[in-house]
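Every number for a ligand or one of its atoms is a count from 1 in the order of the listing. The shown structure was predicted, so the numbers you read here are calculated from the model rather than taken from an experiment. For the single chain, residues carry numbers from 1 onward in sequence order.
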Amino acid sequence: CAVRRYQFNVMMKTTTRLCSSKSIVTVNGKFPGPTIYAREDDTVLIRVINRVKYNVSIHWHGIRQLRTGWADGPAYITQCPIQPGHSYVYNFTVTGQRGTLLWHAHILWLRATLHGALVILPKIGVPYPFPKPDHERVVVLAEWWKSDTEAVINEALKSGLAPNVSDAHTINGHPGPASNCSTTGGFSLNVSPGKTYMLRLINAALNEELFFKIAGHKLTVVEVDATYVKPFKIDTVLIAPGQTTNVIVSADQGAGKYMVAASPFMDTPVVAVDNMTATATLHYSGTLANSPTTFTSPPPRNATPVANSFVNSLRSLNSNNFPATVPQKVDHSLLFAVGLGINPCPSCKAGNGSRVVASVNNVTFVMPTTALLQAHVFNIKGVFTADFPGNPPTPFNYTGAPPSNLATTSGTKVYRLAYNSTVQVVLQDTGIIAPENHPVHLHGFNFFAVGRGLGNFNPKTDPQNFNLVDPVERNTIGVPSGGWVAIRFRADNPGVWFMHCHLEVHTTWGLKMAFLVDNGKGPNESILPPPNDLPKC
Ligand code: C2O
């Protein structure tokens with residue numbers, strides 16, 4: 001195995017989209033940022049140099065970071081941010097993982113433009129568990145605001161109301177021809193007839209789940225979140241922020257141009273979304289320049305059946321080489337009610353003295369000013385408490401009429417897990433303001449999604465239908481609107497691990513918490529000592 005070295009210069013770059021220019025935060029001047037390549041078992045060293053006026057931190061989303069929580073990246077959870085003019089080397093080894101992941105800024109809303117692909121190839125000589133595609137391409141989906149995204153979030157925080165939605169979605173940085181304003185005509189996926197292509201799809205958008213489809217072509221899904229799945233063919237992929245999906249496309253149609261579309265999924269009518277469809281072009285070599293593009297219409301934004309048919313098709317590959325190690329017994333059985341609420345806010349101008357908040361088990365997480373991992377390892381008192389509730393304080397009908405008191409409590413609370421214990425978390429959506437699909441991401445682990453349903457989770461009957469054989473393994477899972485999903489994992493990674501909704505607006509509002517996993521007793525069961533250049537708060 002090798003050592004891979006990268007240098008990330010975080011710098012401003014004037015960028016033009018939608019007929020207007022603004023200065024955005026980038027890595028090395030690129031949007032989307034550079035792709036990191038590594039092989040399973042490689043060590044990756046990324047020197048991040050902060051040349052902008054903002055504090056910065058970068059998260060390697062989905063990398064297990066076994067015993068190296070110092071390199072995980074969420075600001076104030078595992079590290080203090082890298083201050084302007086400072087640098088930090090993220091140092092981690094890729095263990096037991098191969099596939100597509102992403103990296104992104106993990107502070108405020110900087111990930112709007114600070115993100116890119118992380119491609120982990122199998123070890124040399126280890127084939128994919130499916131026919132090797134002729135070619136591979138990275139496809140990053142994101143959002144674009146004409147105004148400064150930091151200003152958008154600051155305005156929302158001051159007013160207590162929802163922030164403005166983005167002005168466009170993008171495919172590899174471009175809204176595409178449909179925006180009428182693309183200088184390049186959008187991303188072109190050039191293919192040769194008869195060849196196969198693996199697309200490494202990444203949703204780096206801040207706040208929107210996306211459908212992805214290609215006119216006239218089926219997509220064979222082979223991997224999600226860097227775990228192999230039983231291959232299946234489908235027209236439309238659903239991909240939430242933070243999720244990744246590898247699909248294989250055969251260039252088996254006649255020469256021509258075919259529309260590639262990324263469009264929003266949101267099944268709650270009261271939530272505003274950016275309704276723009278980002279488009280790109282699948283372009284066969286040998287196609288005449290003036291030939292028309294075969295069109296496809298994206299699913300309507302509330303196409304829940306399209307979303308469900310994708311999600312319900314996902315199964316772990318569960319082969320001899322890639323077994324699904326689903327915990328069969330659980331030591332910690334937790335129920336987390338996730339949703340929105342309303343808190344008093346006398347200073348909020350626009351919200352009539354109240355603000356929208358989000359919570360897990362009625363706790364709106366308050367970001368500390370010292371990183372939790374430092375506080376834990378160096379025993380700094382007063383930064384967090386270990387009393388995060390394992391169940392909602394007052395059980396209620398989560399998908400029925402909201403309780404009369406919508407206010408949440410605030411705190412920096414973690415839930416403590418013994419090293420190597422097994423954990424089940426039922427993530428239950430609440431309809432306090434509106435039921436909404438929350439893509440929940442867990443740092444430091446992959447988990448198995450053993451069950452999913454609508455309405456209130458029933459602890460007596462629902463577990464009887466859990467799939468404990470080949471459930472999909474992921475790091476980010478959609479909690480269905482007005483429903484629940486049950487996940488299981490083994491707490492085999494000592495440290496402090498963030499869990500949050502990957503819709504950035506909900507994270508900002510407080511839909512986040514952290515697990516603290518103790519050190520084990522064995523020689524390789526403790527978090528490694530912190531690096532010397534770990535940023536200070
Ligand atoms: Cu991709 Cu904590 O996030």
Backbone or side-chain N/O/S of [X] under 2.8 Å of atom 2 (Cu) of ligand 1:
X      : result
His500 : yes
His441 : no
His443 : yes

Answer yes when Arg490 and Asp331 have at least one side-chain N-carboxylate O distance shorter than 4.0 Å, and no when they do not. no
Between Arg416 and Asp518, does any NZ, NE, NH1 or NH2 come within less than 4.0 Å of an OD or OE carboxylate oxygen? yes
Do the side chain of Asp167 and the main chain of Lys146 share a donor and acceptor less than 3.5 angstrom apart?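 Present.
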Under 3.5 Å: donor-acceptor pair, side chain of Asp42, backbone of Ala38: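 Not a single qualifying donor-acceptor pair exists.
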Need the atom name: nearest N/O/S atom of His61 to atom 1 (Cu) of ligand 1.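 In His61, the heteroatom (N, O or S) nearest atom 1 (Cu) of ligand 1 is ND1.
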What's the NE2-atom 1 (Cu) of ligand 1-NE2 angle here (His502, His104), rounded to 10 degrees?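 NE2 of His502, atom 1 (Cu) of ligand 1 and NE2 of His104 span an angle of about 110°.
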Please name the pair of heavy atoms, one in Ala337 and one in Pro392, separated by the smallest distance, quoted to 0.1 Å. CB-CG, 4.0 Å
Below 2.8 Å, any N, O or S contact between His59 and atom 1 (Cu) of ligand 1?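 Checking His59: none of its N, O or S atoms is under 2.8 Å.
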